[in-house]
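We count residues from 1, following the sequence as given. The figures here come from the full heavy-atom set of this structure, side chains too, leaving out hydrogens, waters and symmetry mates. This structure is a prediction, so every number in the text was calculated from the model and none was measured. In each ligand, atom 1 is the first atom listed, and ligand 1 is the first ligand listed.
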Amino acid sequence: MGRRPVIAGNWKMYKTKDEALAFIYAINLSVPEKDVVETVICAPAVYLRDLVQREEDNLRIGAQTMHHADEGAYTGEISPAMLKSIGIEYVIIGHSERRAYYNETDESVNLKVHAAVNKDIIPIICVGESLDIREAGTTNQVVEAQVRAAYLNMDAEKAMKTIIAYEPIWAIGTGKTATPEQANETIKAIRGVMEDIYGKIFAEEIRILYGGSVNVKNVESLLAESDIDGALVGGASLDPSAYLTLVNAALKKAS
Ligand code: PGA
């Protein structure tokens with residue numbers, strides 16, 4: 001099938017500027033060829049320009065969120081046009097922390113996904129269920145609704161320029177990882193939704209990542225699953241050598 005694996009680090013609100021630069025220098029020349037593994041670091045907005053200027057060819061820098069409008073009276077916000085103008089190629093959209101603390105909704109996620117692809121920025125679209133929903137047995141329905149909402153009114157050509165990250169909320173930052181089988185099963189269900197909207201070939205090509213307490217110990221077993229194409233990683237992406245271990249696991253999957 002040949003889906004290129006993706007390892008995306010999500011630094012959240014961590015690292016000073018010096019720490020951010022030191023990290024980039026530490027991994028810059030050690031990441032695999034970009035045609036084999038997509039290696040992305042989603043950093044705090046204040047450092048994006050500094051990091052883009054220092055990234056070598058195989059490393060990619062992404063943002064953690066953005067507004068959907070290109071400009072406007074939105075104090076404190078950052079637009080897709082601004083990100084594009086400094087060379088940003090990826091953006092996380094709809095992370096569960098943004099949904100929980102900053103009122104992001106399925107509707108705003110949809111607007112942002114459109115805005116990103118229209119600017120040729122690859123959105124990493126986060127979906128995932130809470131523990132209550134997992135326990136109630138309605139995970140697939142909830143995740144399906146999030147996925148359908150994110151892609152509302154989007155044609156297949158644009159949708160192919162996106163990446164999905166399945167991140168069960170109960171697994172984020174908790175040390176509780178979904179088992180590889182649980183993660184794969186939900187990701188397969190998401191692929192089924194993609195097939196329903198865009199057809200079989202599309203569903204086989206779209207990349208779907210797992211996120212939630214991915215670390216150097218569990219990464220290989222997660223990536224060994226058929227439908228998991230990589231990882232969106234918080235905590236374990238803060239340390240350069242841990243991050244490179246994750247990237248190397250993806251390299252193994254690719255080869
Ligand atoms: P975590 O975060 O790896 O620290 O659980 C994942 C995420 O929030 O994307």
Legend entry - salt_bridge(Arg191, Glu195) N-O dist < 4.0 Å: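 The answer is no: the pair does not qualify as a salt bridge.
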Legend entry - Lys/Arg N to Asp/Glu carboxylate O, Asp120 vs Lys84, below 4.0 Å: no
Inset, instruction - Under the side chain to side chain contact (heavy atoms under 4.5 Å, CB included) rule, collect the residues that match up with Lys253, sequence neighbours excluded. - result: Leu223
Inset, instruction - Specify whether Trp11 and Phe23 have parallel, tilted or perpendicular ring planes, treating 30° as the upper limit for parallel and 60° as the lower limit for perpendicular. - result: perpendicular
Inset, instruction - Under 4.5 Å between side-chain heavy atoms, chaining through other members, with only Ile, Leu, Val, Met, Phe, Trp and Tyr counted: pull out the rest of the cluster around Leu29, sorted by chain and number. - result: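 Noted: Leu29 shares its cluster with no other residue.
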Inset, instruction - Run through ligand 1 for me and note each protein residue having a heavy atom under 4.0 Å from it, chain first, then residue number. - result: Asn10, Lys12, His95, Glu167, Ala171, Ile172, Gly173, Gly212, Ser213, Leu232, Val233, Gly234, Gly235
Legend entry - With Glu225 via salt bridge (Lys or Arg N to Asp or Glu O under 4.0 Å) - residues at least two apart: none
